[in-house]
Amino acid sequence: MDKVVSRAGIWFGILLLALMGSAAAHDRPFAIHMLIVALAAGIGLIVTVKAPDYAALRRGLVRLPDEGRYDDDPIRWGVIATLFWGMAGFLAGLFIALQLAFPWLNVEPYLNFGRVRPLHTSAVIFAFGGNALIATSYYVVQRTCRARLAFPQLARFVFWGYQMFIVLAATGYLLGVTQSKEYAEPEWYTDWWLTVVWLAYLAVFVGTIVKRSEPHIYVANWFYLAFIVTVAMLHVVNNLDMPVSLLGSKSYPLFAGVQGALVQWWYGHNAVGFFLTAGFLAMMYYFVPKQAERPVYSYRLSIIHFWSLIFLYIWAGPHHLHYTALPDWAQTLGMVFSVMLWMPSWGGMINGLMTLNGAWDKVRTDPIIRMMVMALAFYGMSTFEGPMLSIKSVNSLSHYTDWTIGHVHSGALGWNGMITFASMYYLVPRLWGRERLYSLRMVNWHFWLATLGIVFYAASMWVAGITQGLMWREYGPDGYLVNSFAETVAAIHPMYVARAAGGLMYLSGAVIMVINVWATILGKQRAEAPLHAAAFNPEKDRPLVPAPAAAEA
């Protein structure tokens, strides 16, 4: 009872402070955000006071199984949040793709491209990807350490605190609250809150490893740990800001000019390197062997992959600043380390693909394995294209064009999206105690729609980007540029329409996934034929050349 009273007191204090902050706010967006915090605190207060009957919840619509040995409740919430925010991010992406093809879709002031675009990037990276990483890391660290989550209340705080960060960031973009830093748009108070949540996440993860009963630390946990620690460092340094007022949304960064650009792209590239690469490689190193029912091809190669990636990636950020005011030696440094990254990246891809040795037949019969193979293929392609684009002579054609957009999305949709979908398909039946997914054939539909969507998207952006680069550098005999910027925009309009069509396909696959997962959670199973070739029919499949008769005795 005393715990309930103390928790209720904390929630009431937060509610009161948030209301006071909203009333005294210096600008409207900060006032709205304080009201959102007050609403969250009010919900927390009501839930604490009413002390809901969780056993009744388990018997309800979601029908959660008994926990058993592991603490899986935050993982179940994370799976649902991953799908919810994924749909939000994909919808926002399709909307801004259509805005670029049909500018009349820009709705002022809240739904113009400038405000929805960071909403899309943050939703797919931090909301969709972040929830997937938190959920899968909780699942993997428990199973590989044979230990329940350390600090279970803190683990729940991480989940709900992270959802609050997403809501504050997303509403801030639509309200025009932004630092204008790529992948780091939220303002100072949202950044401070995320720092608290992330440190709690680190404590839960490290605490679980410390209390493990398995002496060995599996390689996936090393990748998760590198992702958590490095993202914390990147986030803090890149967001060293001075608020104008503790009651307003505006702040000014500590770094400015060339220094600010270098710090931003040290952060931006390593957010890709550690958030979108290291964390998702941890997924690959656990879920690919589990789904294939084969051990990792080479554990030694996975360790080499880990340490080379960790040491090299952190230096590659300056390649985002070729042909800028950044000193030439720093640009060259970023290019060299980017090219060096190609080998360890492909080492990881080869390790994942070779794990399927002896199980390649499953690619034909198991669409989840098929998704994993496609994810690894796109990982390999993106980690080849990235170093290639960092070479100055190639970058002189590609920079500021849609070729970069095609590169980013082939990696994000192909690598991050596919490995996340496959991991969620693996988790759902096990977390909710189901024999299998509702429908494997729906997974197959999802796979083909997503794959075709990526092809349409990436190919159209590659064509658009190279078209832009060539038109921008075309000079006439008099030394003047031949093409105006407006002419390049008109030339790539068909590619923008094709890009939107690809996004629609990818979104359609995600809708099928949501239906499939929801039906699985409800305990339904679709009656369907298995996904494998029909049995051999001696009449239909008779060999063209008859077998020789047996030799006489």
Side-chain angles (χ1 to χ4, degrees), residues 65 67-79 82 129-152 154-156 158-159 198 200-231 274-275 277-307 309-310 347-348 351-352 354-356 359 368-369 372 375-376 379 419-420 422-433:
E67 280 187 8
R69 181 178 176 186
Y70 298 116
D71 184 7
D72 286 342
D73 280 345
I75 306 172
R76 295 186 192 97
W77 305 341
V79 168
T82 298
N131 274 293
L133 288 166
I134 292 171
T136 55
S137 66
Y138 280 174
Y139 184 89
V140 171
V141 76
Q142 291 185 90
R143 269 70 182 177
T144 55
C145 292
R146 290 190 293 167
R148 287 172 64 84
L149 282 178
F151 317 118
L154 202 59
R156 285 150 177 78
V158 170
F159 174 79
W198 208 256
Y201 179 28
L202 176 64
V204 172
F205 193 83
V206 173
T208 307
I209 292 176
V210 168
K211 64 179 284 192
R212 70 189 186 278
S213 56
E214 169 63 48
H216 181 74
I217 301 176
Y218 184 60
V219 66
N221 292 323
W222 285 105
F223 276 96
Y224 277 126
L225 189 59
F227 139 69
I228 297 168
V229 171
T230 311
V231 166
F274 289 88
F275 201 100
T277 302
F280 288 88
L281 284 169
M283 281 192 215
M284 183 274 285
Y285 273 116
Y286 182 83
F287 291 106
V288 170
K290 292 295 284 185
Q291 186 68 21
E293 298 179 319
R294 293 290 186 277
V296 171
Y297 170 68
S298 171
Y299 201 79
R300 183 172 297 177
L301 180 57
S302 71
I303 299 301
I304 295 171
H305 179 206
F306 172 79
W307 286 112
L309 203 74
I310 298 310
N351 209 6
M354 294 297 285
T355 298
L356 293 171
I368 299 176
I369 285 283
M372 292 175 171
L376 285 164
Y379 173 62
I419 197 67
T420 300
S423 301
M424 295 299 109
Y425 281 131
Y426 176 91
L427 285 175
V428 168
R430 290 161 177 83
L431 290 173
W432 275 273

(request) Please assess D72 against R430 for the test side-chain contact (heavy atoms from CB on, under 4.5 Å), listing each intermediate value before the final yes or no. (result) CA-CA 10 Å; D72 286 342; R430 290 161 177 83; over 6 Å; no

(message) Please find the pair of heavy atoms, one from A147 and one from R212, that lie closest to each other, and give the distance.
(response) CB-CA, 3.9 Å

(request) Quick one: pull up CD1 in I228 and CZ in F274 and give me the separation to the nearest 0.5 Å. (result) 13.0 Å

(message) How long is the straight-line distance from CZ of F205 back to CG of N221, given to the nearest 0.5 Å?
(response) 4.5 Å

(request) Take V141 and C145, measure what side-chain contact (heavy atoms from CB on, under 4.5 Å) needs, and give me the verdict at the end. (result) CA-CA 6 Å; V141 76; C145 292; 4.0 Å; yes

(request) Over all heavy atoms of both residues, which pair between A155 and V204 is shortest? Give the atoms and the distance, please. (result) N-CG2, 3.7 Å

(request) Work out which heavy atom in Q142 is nearest to a heavy atom in L149; give both atom names and the distance. (result) OE1-N, 3.3 Å

(message) Within the structure provided, determine whether D73 and R76 are in side-chain contact (heavy-atom separation under 4.5 Å).
(response) yes

(message) Please report the interatomic distance OH(Y426) to CD1(I369), rounded to the nearest 0.5 Å.
(response) 10.5 Å

(request) State the NE2-CH2 distance between H305 and W222, to the nearest 0.5 angstrom. (result) 15.5 Å

(message) For Y297, is there any backbone N or O sitting under 3.5 Å from a side-chain donor or acceptor partner on T355?
(response) yes

(message) Does any part of the side chain of L431, heavy atoms only, come nearer than 4.5 Å to the side chain of I75, both counted from C-beta?
(response) yes

(request) Say whether Y286 and S423, considering side chains only, have a donor N or O and an acceptor N or O under 3.5 Å apart. (result) no

(message) For a side-chain contact (heavy atoms from CB on, under 4.5 Å) check, start with the C-alpha distance between I217 and L225, then their side-chain angles and the critical distance, and finish with the verdict.
(response) CA-CA 11 Å; I217 301 176; L225 189 59; over 6 Å; no

(message) Using the rule ring-ring contact (aromatic ring centres under 6.0 Å, His included), only one of F227, Y224, F223 pairs with F306; which is it?
(response) F223

(request) Rounded to the nearest 0.5 Å, what's the gap from CG on N351 to CE on M354? Could you check? (result) 9.0 Å

(request) Please work out whether the ring planes of Y218 and Y299 are parallel, tilted or perpendicular, with thresholds of 30° and 60°. (result) tilted

(message) Could you tell me if the side chain of R294 sits less than 4.5 Å from the side chain of V288, heavy atoms only?
(response) no

(request) Could you pull out the closest heavy-atom pair between Y425 and I368, with the gap in Å? (result) CB-CD1, 3.7 Å

(message) What I'd like to find out is whether the side chain of F287 reaches to under 4.5 Å of the side chain of L427, using heavy atoms alone.
(response) yes

(request) Calculate, to the nearest 0.5 Å, the distance between atoms OH and OG1 belonging to Y139 and T144 respectively. (result) 11.0 Å

(message) Any heavy-atom pair between the side chains of V140 and M283 that's under 4.5 Å?
(response) no

(message) If you compare all heavy atoms of A359 against all heavy atoms of A292, which two are closest, and at what distance to 0.1 Å?
(response) CB-O, 4.0 Å

(request) Mark yes when over 12 heavy atoms from residues, nucleotides or ligands other than W198 sit less than 6.0 Å from its CH2; otherwise mark no. (result) yes

(message) For K290, is the NZ atom crowded, meaning more than 12 foreign heavy atoms sit under 6.0 Å from it?
(response) no

(message) Give me the atom names and distance for the closest heavy-atom approach of T82 to G78.
(response) OG1-O, 2.7 Å

(request) Describe, in one word, how the ring planes of W77 and F159 are oriented to each other, choosing from parallel (under 30°), tilted (30 to 60°) and perpendicular (over 60°). (result) tilted

